[in-house]
Amino acid sequence: MAGNGADRFHGAVRRCSVFLGTYEPRLDEKGRLILPARFRDELAEGLVITKGQERCLYVWPIAEFTRIAEQLGRAPVTSKAARDYMRVFYAGASDAVPDKQGRVLVPQPLRDYAGLDRDSRDCVVIGANTRVELWAAKTWHDYLAEQEQFFAELSEEVLPGLL
């Protein structure tokens, strides 16, 4: 994983990795996710799992979550949209430190939100730049099938002058 920027965390400058790739693990019977080996070093010091958009879960390295929290903290308290977003974002958040096998418990309310239930523990873990996303396998495959044609047809409107 290549560094893409610097973060301040506990007074030290840290490189923030770019998470890449798609992996298809299964949650174990206790609701634990075995993190892909390529992601474990960056997440070893701790992580935060919270609700993401499109019914996936966001998994942030603790340093990146701290940076995001600082940015959200600058939103005006008078903004109803900001208050509503932060309530859902923080209320569902859970912090954890992976065990020696790279496993992390995904709390039941977050599994419910993402559709990771007892009937289907199949999931997809994707790298999404500075975060990891955890999806129920069916939800991810449906989303990807819907988005790939849109992606193939994109032009410079999304990232003008970049590509």
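Keep in mind that what you see is a predicted model, and the values were worked out from it rather than measured.
Residues R111 and Q108 have side chains that bring a donor and an acceptor to within less than 3.5 angstrom of each other.
Of the inter-residue distances, the one linking M86 atom CE with S79 atom OG reads 7.5 Å to the nearest 0.5 angstrom. Rounded to the nearest 0.5 Å, atoms CD (E146) and CD (E148) are 11.5 Å apart. One distance of note links CG of L72 with CZ of R74; it measures 9.5 Å at 0.5 Å rounding. Between the CG atom of L116 and the CG atom of L57 there is a distance of 6.0 Å, given to the nearest 0.5 Å. Going from atom NE2 of H141 over to atom CG of D122 covers 8.5 Å, rounded to the nearest 0.5 Å. Atom-to-atom distance recorded for L110:CG and C56:SG is 11.0 Å, nearest 0.5 angstrom.
Using a 4.5 Å cut-off between side-chain heavy atoms of Ile, Leu, Val, Met, Phe, Trp and Tyr, with links allowed through other members, V132 and L144 fall into different hydrophobic clusters. A continuous path of Ile, Leu, Val, Met, Phe, Trp and Tyr side chains, each step under 4.5 Å between heavy atoms, connects L35 with Y23, placing both in one hydrophobic cluster. Under the 4.5 Å side-chain heavy-atom criterion for ILVMFWY residues, no single connected hydrophobic cluster contains both L105 and I34.
Counting only distance, with no hydrogens or angles, the side chain of Y113 and the backbone of G52 share a donor-acceptor pair below 3.5 Å. Without hydrogens or angle criteria, R32 side chain to L27 main chain gives no donor-acceptor distance under 3.5 Å. In this structure, T139 contributes its side chain and W135 its backbone to no donor-acceptor pair below 3.5 Å.
In this structure the side chain of R38 never reaches within 4.5 angstrom of the side chain of F19, judged on heavy atoms. When side chains are defined from C-beta on, D112 does not count as touching D117, because their heavy atoms never get closer than 4.5 Å. A 4.5 Å side-chain heavy-atom check between V125 and F39 finds at least one atom pair inside the cut-off. Side-chain atoms of W140 and I126, non-hydrogen and from C-beta on, do get closer than 4.5 Å to each other. Contact of the Y58 side chain with the L134 side chain is not registered, since no non-hydrogen atoms from C-beta on lie closer than 4.5 Å.
A salt bridge does not link E42 with R40: every distance from a Lys NZ or Arg NE/NH1/NH2 to an Asp or Glu carboxylate oxygen is 4.0 Å or more. Ion pairing of E70 with R67 is absent here, as no side-chain N (NZ or NE/NH1/NH2) approaches a carboxylate O to less than 4.0 Å.
When each of I49, T50, L47 is paired with W60, the side chain to side chain contact (heavy atoms under 4.5 Å, CB included) condition holds for T50 and for no other.
Taking all atoms of both residues into account, the shortest heavy-atom contact from P76 to A82 is O-CB, 4.1 Å. Contact record, F89 with K51: CD1-O, 4.2 Å, taken as the closest heavy-atom pair.
Every residue meeting the salt bridge (charged side-chain N to carboxylate O under 4.0 Å, His left out) condition with D84, not counting sequence neighbours, appears here in chain and number order: K80, R87.
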Run the side-chain contact (heavy atoms from CB on, under 4.5 Å) check on T130 and V18 step by step: do they pass?
CA-CA 5 Å; T130 61; V18 173; 5.8 Å; no

Tell me which donor-acceptor pairs under 3.5 Å the side chains of residues 92-102 have, and how far apart each pair is, sequence neighbours excluded?
residue, atom, partner, partner atom, Å
D99, OD1, Q101, N, 3.0
D99, OD1, G102, N, 3.2
D99, OD1, R103, N, 2.9
D99, OD2, R103, NE, 2.8
D99, OD2, R103, NH2, 2.9
Q101, OE1, R103, NH2, 3.1

